[in-house]
Q: 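My structure is below; once you've seen it, I'll send some questions.
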2 protein chains.
Amino acid sequence: MSGKRSLIRSGTTVDQMVRAIGDRIVTGVLRPGEKLDEASLATRFEVSRTPVREALGQLSAMGLVERRPNRGAIVAVVTQEHLASMFESMAELEGICARFCAERMTGGERRALEVEHQASARLVRLGAEEDYEYFNTEFHTRLYRGAHSTHIYELTVMTRSRLAPFRRAQFRLSGRLAKSWQEHDAIVTAILRGDGASAGIAAKNHVSIVSEASAVFAAVDPASPKAGLAELPS
Amino acid sequence: MSGKRSLIRSGTTVDQMVRAIGDRIVTGVLRPGEKLDEASLATRFEVSRTPVREALGQLSAMGLVERRPNRGAIVAVVTQEHLASMFESMAELEGICARFCAERMTGGERRALEVEHQASARLVRLGAEEDYEYFNTEFHTRLYRGAHSTHIYELTVMTRSRLAPFRRAQFRLSGRLAKSWQEHDAIVTAILRGDGASAGIAAKNHVSIVSEASAVFAAVDPASPKAGLAELPS
DNA sequence: CCAAAGGCAATTGCATGCACTTTTTGCCAT
DNA sequence: ATGGCAAAAAGTGCATGCAATTGCCTTTGG
């Protein structure tokens, strides 16, 4: 083999595979239930099966893929129940983050949060869904960081990853943009006030609402290969 | 070594390795900072290096081991700061579990919780640290289960695993046994009352106290080869 | 025509081998 | 004696190969 790993560089081959496959799952290129063939992935990324196998193992440990012994791996497919549980956890986690933010954010962090938040109002007016979605991710990441708790950060980011496949397109719902901003505003205000309890509640509600918006898509999502039970409405 | 995989059987070889190595980390046989040599582990468990490598990768994804590219793996060594963050998270998570328990546990679960809890009083009177520690684990697991939230359960169990290496011997502290039982009692009472808020607070406090008890050991623990920085408080 | 069984292709699981990186050791020069 | 350098030893990272398991397809009996 002629090693031409210079394209996706950084880290070991396994790390690259974890990122590559993980990204494709999180961004929805690979849909829940889709089969992950080791050989195909190996040729697709021009590596041998070994790093692919290791990557699948790690992704499995992270909960992004599901491994059936001797029967291959598939993108993790979650039940409605588990999905609800993840959203619920997400709400709690974000609540914790917001509460901690209110109590612990530095002056600089508060200022940056406020500034970015205010700036995002423009995206709402323009109806720039794409850009707002990007900002939204940044906003929440800022909250996770602002909690100043490495482990909470890890748990939260990890949970967000696992939810990612199910929350795409949430902003396509009309009016969601403006509502989202208002909810953010409540969180920011409470944080700046140093009111942890309120910030936590606001953040929790924010996620809960998102979860309801996303649930719609989740219900339609099952990309299970077979399970081709009658799906078209008559 | 006559370890033989017949004892830890079930699942693929990789799974067995994950459990085997993970157990040794969680139970403290392998101490934080200790080097994990692939070849040694392979011969120790009578498998080839491949499954060992995969296991280390997964354990790394779980946060139990740390992998330095090209430089081998070590049992995850956490900073004081990160440790505090994990205990803090644990307190929050247990609080959530207890709150959910109060709201969601079935009659049977409540009864079982109560019965087991009362039974444990005997262990306290006998000063049976070993047995109480086992019961304690069961008790908390019961709380995690009773929350009826798969994802919260996963997060909590995972966090507990990562904390395990640092909380051994917590019951050696005199008086800890009785105090622990009283704290459990507050949690159980609140749950049976259906008082989620109180249950959450009680559980959170319980963990916080454990964290303080464990912090003592953590400070002495660093099996890190060097890093002999002054750590004793004046 | 359907159902069960058997064989075949495809795929996973693990072992081994080799290349590359890091670390150690030993030697020489200062 | 010490510092530095070089070569060897150790150990990791990935590819390849082979055995084993699974799923599919064909075949055969009812």
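To find a chain, count down the sequence lines: A is the first, B the second, and so on, and within it residues start at 1.
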Q: Please work out which of the three classes, parallel, tilted or perpendicular, describes the rings of A:H82 and B:H151, given edges at 30° and 60°.
A: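 Correct class here is tilted.
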Q: Measure the distance from CZ on B:F45 to C1' on C:dC14 and round it to the nearest whole Å.
A: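 In whole Å, C:dC14 C1' lies 17 Å from B:F45 CZ.
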Q: Between A:C101 and A:G146, what is the shortest heavy-atom contact and its length?
A: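 Smallest interatomic distance, heavy atoms only, reads SG-C, 3.6 Å.
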Q: Test A:Y132 against A:S180 for side chain to side chain contact (heavy atoms under 4.5 Å, CB included), laying out the working first.
A: CA-CA 10 Å; A:Y132 187 82; A:S180 170; 2.9 Å; yes
Q: Rounded off to whole Å, could you give me the CD-to-P distance for the A:E54 and D:dA15 pair?
A: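 In whole Å, D:dA15 P and A:E54 CD are 11 Å from each other.
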Q: Which atoms of nucleotides 11-13 of chain C (N or O only) lie under 3.5 Å from a protein N or O atom, and what are those distances?
A:
{"unit_1": "C:dT12", "atom_1": "O3'", "unit_2": "A:N70", "atom_2": "N", "d": "3.4"}
{"unit_1": "C:dG13", "atom_1": "OP1", "unit_2": "A:N70", "atom_2": "N", "d": "3.0"}
{"unit_1": "C:dG13", "atom_1": "OP2", "unit_2": "A:R53", "atom_2": "NH1", "d": "2.6"}
{"unit_1": "C:dG13", "atom_1": "OP2", "unit_2": "A:R53", "atom_2": "NH2", "d": "3.4"}
{"unit_1": "C:dG13", "atom_1": "N7", "unit_2": "A:R49", "atom_2": "NH2", "d": "3.0"}
{"unit_1": "C:dG13", "atom_1": "O6", "unit_2": "A:R49", "atom_2": "NH1", "d": "3.4"}

Q: Is the NZ or CZ atom of B:R142 positioned over B:F139's six-membered ring, under 6.0 angstrom from the centre and within 45° of the axis?
A: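 Negative - B:R142 is either too far from the ring of B:F139 or too far off its axis.
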Q: For A:L56 and D:dC14, give me the distance from atom CG to atom P, rounded to whole Å.
A: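 Atom-to-atom, A:L56 to D:dC14, this comes out as 14 Å.
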Q: Without decimals, in angstroms, what is the distance between A:E46 CD and D:dT16 P?
A: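 So the two atoms are 13 Å apart, to the nearest Å.
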Q: Verify the contact: side-chain N or O of A:S48 to OP1 or OP2 of D:dA15, cut-off strictly under 4.0 Å; return yes or no.
A: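 For A:S48, the contact criterion (side-chain N or O under 4.0 Å from OP1 or OP2 of D:dA15) is met.
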Q: A:E38 pairs by salt bridge (charged side-chain N to carboxylate O under 4.0 Å, His left out) with which of A:R71, A:R53, A:R44?
A: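 Only one of A:R71, A:R53, A:R44 forms a salt bridge (charged side-chain N to carboxylate O under 4.0 Å, His left out) with A:E38, namely A:R53.
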Q: With sequence neighbours excluded, tell me which residues meet salt bridge (charged side-chain N to carboxylate O under 4.0 Å, His left out) with B:R99.
A: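 Applying salt bridge (charged side-chain N to carboxylate O under 4.0 Å, His left out) to B:R99 gives A:E92.
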Q: Let me test you: for the helix from C:dC1-D:dG30 to C:dT30-D:dA1, what is the angle between the axes at its two ends (five pairs each), rounded to 10 degrees?
A: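 Helix axis angle between the two ends: 10°.
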Q: Testing the 3.5 Å rule here: is there a donor-acceptor pair between the side chains of B:E94 and B:H206?
A: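 Side chains of B:E94 and B:H206: no pair found under 3.5 Å.
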Q: How far apart are the closest heavy atoms of B:S161 and B:V26, and which atoms are they?
A: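 Nearest pair, atom of B:S161 first, then B:V26: O-CG2, 3.8 Å.
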